[in-house]
2 protein chains.
Amino acid sequence: MELGERKLLILQAIINDYIISAEPVGSRTVAKKYGMGISSATIRNEMADLEDMGYLEQPHTSAGRIPSNKAYRLYVDRLMKVKSLSVSEAKYIKEFYKKKTRQIEQLIFQTAKILSDITNYTSVVLTPQLNKVLIRRIQLVPLEPEYALLVIATNSGVLKDSIIPIPEGISPDYLNRISNMLTSVYKGKTFDEIDINTVLEMQNDIIKGRAFFNSLVDALTESITANEDKEVYLGGPTNIFNFPEYHDVLKAKAFLDLLEEKELLYKMLSKPEKNGVSIVIGEENEHEDLKECSIVTATYKIGDKVLGTMGIIGPTRMEYSRVVAVIDHMGKSLSNYLTRLFNK
Amino acid sequence: MELGERKLLILQAIINDYIISAEPVGSRTVAKKYGMGISSATIRNEMADLEDMGYLEQPHTSAGRIPSNKAYRLYVDRLMKVKSLSVSEAKYIKEFYKKKTRQIEQLIFQTAKILSDITNYTSVVLTPQLNKVLIRRIQLVPLEPEYALLVIATNSGVLKDSIIPIPEGISPDYLNRISNMLTSVYKGKTFDEIDINTVLEMQNDIIKGRAFFNSLVDALTESITANEDKEVYLGGPTNIFNFPEYHDVLKAKAFLDLLEEKELLYKMLSKPEKNGVSIVIGEENEHEDLKECSIVTATYKIGDKVLGTMGIIGPTRMEYSRVVAVIDHMGKSLSNYLTRLFNK
DNA sequence: GATTAGCACTCGTTGATTGAGAGTGCTAAC
DNA sequence: GTTAGCACTCTCAATCAACGAGTGCTAATC
């Protein structure tokens with residue numbers, strides 16, 4: 001069967017209406033609200049066709065129809081016109097990026113908050129991926145005679161700091177020398193490229209005490225392999241309650257519990273390597289509890305390097321056109337900001 | 001009216017039953033389950049008295065009775081026997097504190113998780129309060145020619161780090177000298193005691209560039225006054241769904257939204273300065289959305305210094321005896337751990 | 001041949017009614 | 001002072017009918 005012009009118009013009308021109302025849309029509603037000079041009976045016939053073609057579904061016989069995942073996919077790929085941001089929204093975002101925040105966590109957190117505030121959906125923003133980040137400096141900072149602080153600074157903020165014990169008789173000056181040496185070896189590399197063996201080879205060279213050496217290697221290894229730093233910031237987690245499809249307590253709990261699984265979120269969102277905005281709709285999600293959700297993601301970068309991802313999660317019936325506009329804008333804003341701040 | 005022995009027994013029975021069942025308790029139930037050799041009619045009379053005295057409430061005429069806030073207060077103050085932890089629980093906690101975690105955030109986060117896992121309620125743990133924490137070292141770490149990292153190390157981990165721009169022609173060695181000087185001035189002080197004027201006075205002494213000086217003072221001031229560091233970690237936020245009193249979507253949303261208000265939580269929990277476990281029951285809470293909740297808190301310390309607070313939030317009908325046992329134990333465990341790790 | 005009016009049919013929603021069950025308070029007997 | 005007995009109250013769950021939204025089909029119309 002052909003997917004003619006009129007069918008497309010009707011489908012679009014149904015999707016638009018359903019996105020707003022969350023109620024199955026009937027033929028009369030389409031005829032009246034989106035009056036296109038044809039009667040409800042004609043629309044009924046077309047709707048029956050659209051159902052046969054897999055674009056519409058009927059919850060039960062005497063209800064209207066709701067769009068299928070296939071319909072949403074068609075919608076976002078072909079039908080949807082991306083709205084541009086409202087003036088006040090754009091201004092709100094711009095204002096935010098004016099004030100200098102030096103702490104990257106704060107920045108990411110605020111980004112999540114803005115996303116959820118503007119869209120009224122739940123947002124997720126990943127902190128920069130370690131393996132994309134360049135080491136700038138490794139510094140051992142003396143704290144007390146027995147402890148030193150290992151700081152690893154990168155081109156997107158300080159990513160790691162841990163306290164390591166040091167044996168007696170090691171001077172701040174000596175720590176400084178080690179720091180300089182480590183920095184010279186690893187500067188400009190990513191965490192992926194760090195080879196712990198390089199450190200091991202230094203042993204004979206300038207490292208004095210065994211205990212200290214072990215602590216240092218431990219701390220470094222921990223820094224490199226640590227996945228705790230894969231942090232995920234949420235915005236408006238309870239926004240999901242705004243939608244009637246989540247007025248069910250069990251469903252809401254499942255959703256919120258999912259949001260607590262940071263590793264899972266991280267894995268899911270960091271997948272789309274590709275630049276720009278991408279959309280995953282309903283059943284396309286792998287995770288069971290997300291089969292009724294859609295996720296719109298965008299990446300953010302420093303210079304040309306993709307550092308992380310931000311996403312909006314909401315019911316399949318999502319205001320895609322608005323969400324895409326917002327997240328695209330935010331991705332670019334954050335990238336600009338970071339690039340200005342950290343890129344040389 | 002007298003609050004005799006038998007009345008207390010009956011009250012206790014009703015509280016115990018209601019804590020488990022969440023259903024109003026009737027006279028027959030008390031007679032049967034907590035058989036104390038008296039008939040349901042007698043118990044009915046006693047219950048009527050207890051209601052007159054304000055210890056019991058009746059949701060409606062033909063329902064059983066539920067304990068009032070006053071009853072819970074009496075219960076936690078006089079009736080309750082604090083259970084000791086189960087062997088497996090104690091072991092679980094002990095195991096956790098065996099493995100060395102050097103990062104304080106990680107530690108706090110895990111503490112929250114353990115609390116909620118063991119109790120099945122929602123837990124809240126505050127990060128150490130800045131004004132209680134002693135500065136150990138202030139260090140400017142050079143990153144690139146134009147940027148340095150300001151690290152403030154304290155006796156409970158690294159609490160602040162921000163990036164500040166530095167003007168040209170300032171050598172790492174010079175940064176080191178400033179660091180040493182700042183450290184010598186502020187070491188052993190708390191953030192409260194820092195007087196920014198002291199820094200201003202140095203101006204004529206060793207500070208060279210105006211721009212740099214301003215950045216430094218800005219960053220320091222930000223560190224001192226920043227309240228972003230008042231972080232709050234949650235454990236098991238959705239545990240609230242376990243309780244029938246929160247099967248209502250609106251109530252649940254209100255509760256979860258409250259948990260997102262970190263500053264508010266911080267203020268509420270950091271109030272009880274006193275050592276040990278304290279309990280706030282239902283109406284005693286100031287916040288409207290907590291009038292049906294109880295909060296059990298304990299403090300944690302380094303040495304003798306109270307650093308922060310942990311809390312369990314649940315419905316008024318809470319298993320106080322178990323919760324008190326758990327949180328008391330956790331408070332002490334965390335204090336021991338921190339003291340061993342950081343106190344000299 | 002496409003469109004439309006008309007109509008019978010389906011099915012979920014709403015509101016009223018009803019009976020069962022739980023629990024109480026009171027009275028009178030023990 | 002305690003208890004058995006009983007009328008009374010109130011909630012909860014089940015049942016049922018009326019309603020309305022929406023459909024699919026048929027026959028008439030453009």
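Please read these numbers as outputs of a predicted model, since none were measured by experiment. Residue numbering restarts at 1 for every chain, and letters A, B, ... go by the order of the sequence lines.
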> How close or far is atom P of D/dT11 from atom NE2 of B/H60, stated in whole angstroms?
5 Å
> According to a strict under-4.0 Å criterion, is A/R65 in side-chain N/O contact with OP1 or OP2 of D/dG24?
yes
> Can you check whether A/N120 reaches A/E319 side chain to side chain, under 4.5 Å on heavy atoms?
no
> Would you say a side-chain N or O of A/S27 is under 4.0 Å from OP1 or OP2 of D/dT23?
yes
> Does D/dT3 have OP1 or OP2 under 4.0 Å away from a side-chain N or O of B/T42?
yes
> Send over the distance from B/D17 CG to C/dG23 C1', rounded to a whole Å.
14 Å
> Output yes when a side-chain donor or acceptor of B/S123 lies under 3.5 Å from a complementary backbone atom of B/A112, and no otherwise.
yes
> Does B/E284 pair with B/R73 as a salt bridge, N-O distance under 4.0 Å?
yes
> Out of the candidates B/Y72, B/Y121, B/Y320, only one should pair with B/S294 under the side-chain hydrogen bond (donor to acceptor under 3.5 Å, both in side chains) rule; please name it.
B/Y320
> Can you name the side-chain hydrogen bond (donor to acceptor under 3.5 Å, both in side chains) partners of A/E245, sequence neighbours left out?
A/R317
> Specify the separation, in whole Å, of atom CD1 of B/I43 and atom C1' of D/dT3.
12 Å
> Which pair of non-hydrogen atoms, one from B/L265 and one from B/V232, has the smallest distance, and what is that distance?
CD1-CG1, 3.9 Å
> Is A/R6 near enough to C/dT3 that one of its side-chain N or O atoms lies under 4.0 angstrom from OP1 or OP2?
yes
> Among side-chain atoms of B/Y34 and B/N16, is any donor-acceptor pair under 3.5 angstrom?
no
> Take atom NZ of A/K7 and atom C1' of C/dT3, then tell me their distance rounded to the nearest Å.
14 Å
> What is the distance from CG of B/L56 to P of C/dT24, rounded to the nearest Å?
10 Å
> Between the side-chain atoms of B/S62 and the base atoms of D/dC10, is any donor-acceptor pair under 3.5 Å?
yes
> Check whether any side-chain nitrogen or oxygen of A/T61 sits under 4.0 Å from OP1 or OP2 of C/dC11, and answer yes or no.
yes
> Go nucleotide by nucleotide along DNA chain D from the 5' end; which of B/A41 and A/Q58 gets its closest nucleotide reached first?
B/A41
> Rounded to the nearest angstrom, tell me the gap between atom CD in B/E23 and atom P in C/dT24.
14 Å
> Mind listing the residues from residues 44-53 of chain A sitting with a heavy atom below 4.0 Å of DNA chain C? Number order is fine.
A/R44, A/N45
